[in-house]
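Just so it is clear, the model here is predicted, and its values are computed rather than measured.
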Amino acid sequence: MYPYSSYNDALSRQQSKLIQDIEKAINGEYSAIKCYEKIAKMATKEKQRKQILEIREDEKKHYHHFVRIYTSLTGRQPQPKITEECPNTYVKGLEFALVDEQETVDFYLDIADEATDPYIKEVFRRAAADEQNHAVWFLYYFTKNK
């Protein structure tokens, strides 16, 4: 009887951590969507502005995937909030974005590694690959504009 109870407790803790991580990911994507809109408006070169807006579209996709997963796990809609303030200058915004994207790669890979559901694993692995690509773009623009 006890081993079964311990197993259920472990599953419950694992599920609770997954939900907390997904909620954090939702807030991160929500914050990025808002921030990248602001950064794009500050861009002086059209090509850079378009690329940042394309990255923003990827963030919207991630956000919607994560919301669907969160809703299916909890039965409720998340209440997203901005968790990080976006800088007020273009170069500082680019630096902020590249650091954030790079940190997010590791966070998403951790979620994918810990998840047991194949769909959740794949969604977070794909999002991590996108985030790595975004970091490269932001690093490129940061270097060109510094």
Side-chain angles (χ1 to χ4, degrees), residues 7-146:
Y7 177 75
N8 281 341
D9 289 347
L11 283 178
S12 179
R13 281 191 302 276
Q14 183 182 23
Q15 184 82 346
S16 179
K17 182 181 181 330
L18 176 63
I19 290 167
Q20 287 175 348
D21 286 346
I22 293 170
E23 194 168 25
K24 180 179 175 183
I26 288 168
N27 288 335
E29 294 295 336
Y30 182 77
S31 298
I33 291 164
K34 301 293 185 190
C35 186
Y36 298 171
E37 180 179 25
K38 181 178 178 178
I39 294 170
K41 286 179 181 174
M42 291 186 278
T44 57
K45 295 186 174 58
E46 184 63 17
K47 187 174 182 180
Q48 290 181 24
R49 187 184 70 75
K50 283 184 177 179
Q51 183 62 50
I52 293 166
L53 290 175
E54 187 177 306
I55 290 169
R56 185 174 179 265
E57 288 303 310
D58 286 347
E59 305 296 5
K60 286 181 176 181
K61 282 187 238 168
H62 300 160
Y63 174 82
H64 291 295
H65 282 298
F66 300 167
V67 166
R68 275 196 293 273
I69 292 168
Y70 180 88
T71 303
S72 74
L73 292 174
T74 66
R76 61 186 196 278
Q77 288 290 312
Q79 302 298 313
K81 55 186 171 277
I82 293 176
T83 53
E84 300 170 297
E85 284 304 313
C86 188
N88 290 319
T89 67
Y90 186 57
V91 173
K92 287 194 183 302
L94 293 172
E95 183 179 25
F96 171 83
L98 86 88
V99 170
D100 185 62
E101 293 286 328
Q102 203 57 46
E103 290 172 353
T104 301
V105 171
D106 291 334
F107 179 55
Y108 288 177
L109 288 175
D110 288 345
I111 293 172
D113 287 346
E114 292 171 10
T116 56
D117 181 278
Y119 176 74
I120 294 172
K121 279 184 173 297
E122 180 55 31
V123 165
F124 277 92
R125 284 197 196 288
R126 176 61 206 187
D130 289 345
E131 301 297 312
Q132 185 66 63
N133 184 42
H134 300 163
V136 171
W137 278 112
F138 284 124
L139 177 60
Y140 175 65
Y141 294 142
F142 175 70
T143 303
K144 285 186 72 89
N145 288 278
K146 193 168 181 203

**Request:** Take Arg76 and Thr71 through the test side-chain contact (heavy atoms from CB on, under 4.5 Å) and record every step on the way to the result.
**Result:** CA-CA 5 Å; Arg76 61 186 196 278; Thr71 303; over 6 Å; no
**Prompt:** What do the steps show when you test Tyr90 against Thr44 for side-chain contact (heavy atoms from CB on, under 4.5 Å), and what is the final call?
**Reply:** CA-CA 9 Å; Tyr90 186 57; Thr44 57; 5.6 Å; no
**Intermediate values then yes/no, side-chain contact (heavy atoms from CB on, under 4.5 Å), Arg125 and Asp113** = CA-CA 9 Å; Arg125 284 197 196 288; Asp113 287 346; 3.1 Å; yes
**Prompt:** Does the pair Leu53 and Arg49 meet the rule for a side-chain contact (heavy atoms from CB on, under 4.5 Å), with working shown?
**Reply:** CA-CA 6 Å; Leu53 290 175; Arg49 187 184 70 75; 2.9 Å; yes
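Side-chain atoms of Gln79 and Glu23 include no donor-acceptor pair closer than 3.5 Å. A donor atom on one side chain and an acceptor atom on the other are not found under 3.5 Å apart for Lys45 and Asn145. In summary, the side chains of Glu59 and Tyr30 do not present any donor paired with an acceptor at a separation below 3.5 Å, with no hydrogens or angles considered. Side chain to side chain, His62 and Glu131 meet the donor-acceptor criterion of an N or O pair below 3.5 Å.
Environment of NZ in Lys144: sparse, with no more than 12 heavy atoms of neighbouring residues, nucleotides or ligands closer than 6.0 Å. Taking a 6.0 Å sphere around NZ of Lys34, one finds it holds 12 or fewer heavy atoms contributed by other residues, nucleotides or ligands. Heavy atoms from other residues, nucleotides or ligands lying under 6.0 Å from OH of Tyr140 number 12 at most. In this structure, Glu85 places its CD atom where only 12 or fewer heavy-atom neighbours from other residues, nucleotides or ligands lie under 6.0 Å away.
Pro87 and Gly93 get closest at one heavy-atom pair: CB-N, 3.8 Å. The nearest pair of heavy atoms linking Tyr63 to Ile26 is CE1-CG2, 3.6 Å. Heavy atoms only, all atoms of each residue included: Ile22 and Tyr70 are closest at CG2-CB, 3.9 Å. In this structure, Phe107 and Lys24 approach most closely via the heavy-atom pair CZ-CD, 3.6 Å. Smallest separation of non-hydrogen atoms from Ala135 and Gln102: CB-OE1, 3.3 Å. Counting all heavy atoms, side chain and backbone alike, Ala40 lies closest to Ile52 at CB-CG2, 3.9 Å.
Atom CZ of Phe96 and atom CD of Glu84 lie 4.0 Å apart (nearest 0.5 Å). With rounding to the nearest 0.5 Å, the separation of CG in Leu139 from CD in Glu95 is 10.0 Å. For the atom pair Lys17 NZ and Asp110 CG, the distance stands at 7.5 Å (nearest 0.5 Å). Taken to the nearest 0.5 Å, the CD atom of Gln51 stands 4.5 Å off from the CH2 atom of Trp137. In this structure, Ile111 CD1 and Thr104 OG1 are separated by 9.5 Å, a value rounded to the nearest 0.5 Å. The structure places CG of Leu18 at 8.5 Å from CD of Glu114, a figure rounded to the nearest 0.5 Å.
A salt bridge is absent between Lys121 and Asp117; no separation between the charged side-chain nitrogens and carboxylate oxygens falls under 4.0 Å.
Applying salt bridge (charged side-chain N to carboxylate O under 4.0 Å, His left out) to Asp58 and the options Lys60, Arg56, Lys61 leaves one that passes, Lys61.
The aromatic ring centres of Tyr108 and Phe66 sit less than 6.0 Å apart.
Side-chain N or O atoms of Ser72 include one that pairs as donor or acceptor with a backbone N or O of Ile69 at under 3.5 Å. A donor-acceptor distance shorter than 3.5 angstrom exists from the side chain of Ser31 to the backbone of Thr83, with no hydrogens or angles considered.
The ring-ring contact (aromatic ring centres under 6.0 Å, His included) test applied to Tyr36 returns Phe138, not counting sequence neighbours.
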